[in-house]
Amino acid sequence: MDEVGLHDYFPVAPRVHYEVDFESPLFFGQDVCTVVELARIGTASMTFVFEVWGEEFRGLPRRRAARRRYVTAHSDRNHHSGARSAPWPEEWVAALRGPMRSREVPSPC
């Protein structure tokens, strides 16, 4: 979100649904690579897909440890009486649908 200038995203976009399929174990001290992609922008929610890869560790090959999706919803920021969903700001939707800034991804991610 920082890459597209949405610095205020996290306080108003809680996760409301989370699914994960675990495929192989990770170990303390093992490096991981996480890839997250925006799959869908709705009126007040977004769906992301992700993969978590465990890097080579103590003779074990690099392998995918988990994958699936999660959904966030835009909150109206009124947490005193309970938060409600609200449409995403138009400028946020435009920023997310626009071209991503190029970035270096650490190898082998």
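All values below come from the heavy atoms of this structure, side chains included, with hydrogens, waters and symmetry mates left out.
- To the nearest 0.5 Å, atoms CD (Glu19) and CZ (Arg67) are separated by 10.5 Å.
- Counting only distance, with no hydrogens or angles, the side chain of Gln30 and the backbone of Glu55 share a donor-acceptor pair below 3.5 Å.
- Linking ILVMFWY side-chain heavy atoms closer than 4.5 Å, directly or via other members, places Val36 and Leu26 in a single hydrophobic cluster.
- Shown here for Pro14 and Ser75, the closest heavy-atom pair between the two residues is CD-CB, 4.3 Å.
- Aromatic ring orientation, Trp88 versus Tyr9: parallel (interplanar angle below 30°, classes split at 30° and 60°).
- Residue pairs that meet the side-chain hydrogen bond (donor to acceptor under 3.5 Å, both in side chains) test with at least one member in residues 43-52, sequence neighbours left out, are Glu51-Trp53, Glu51-Arg64.
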Margin query: Quick one, Arg68 with Phe50, criterion side-chain contact (heavy atoms from CB on, under 4.5 Å). Give me CA distance, side-chain angles, the key distance, then yes/no.
Written below: CA-CA 6 Å; Arg68 209 53 167 153; Phe50 67 90; 4.3 Å; yes
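- With sequence neighbours left out, Phe48 forms a ring pair (Phe, Tyr, Trp, His ring centres under 6.0 Å) with Tyr70.
- Hydrophobic clustering keeps Val35 apart from Phe22 (ILVMFWY residues linked when any side-chain heavy atoms are closer than 4.5 Å, directly or through intermediates).
- Residues forming a salt bridge (Lys or Arg N to Asp or Glu O under 4.0 Å) with Glu90 (at least two apart in sequence, or on another chain): none.
- Cluster annotation: Tyr18 is connected to Ile41 through the hydrophobic network of ILVMFWY side chains, with a link wherever side-chain heavy atoms come within less than 4.5 Å.
- Between Asp8 and Met1 the shortest side-chain heavy-atom distance does not fall below 4.5 Å.
- More than 12 non-hydrogen atoms from other residues, nucleotides or ligands lie less than 6.0 angstrom from CD of Glu91.
- Cluster annotation: Val71 and Val49 are assigned to distinct hydrophobic clusters (Ile/Leu/Val/Met/Phe/Trp/Tyr, side-chain heavy-atom contacts under 4.5 Å, transitive).
- Criterion: ILVMFWY side-chain heavy atoms under 4.5 Å apart, direct or through other members. Under it, Leu60 and Val32 are not part of a common hydrophobic cluster.
- Residues Val52 and Val20 are not in side-chain contact: their nearest non-hydrogen atoms beyond the backbone lie 4.5 Å or more apart.
- Side chain of His74 to main chain of Ala86: a donor-acceptor pair is present (N/O by atom type, distance under 3.5 Å, no hydrogens or angles).
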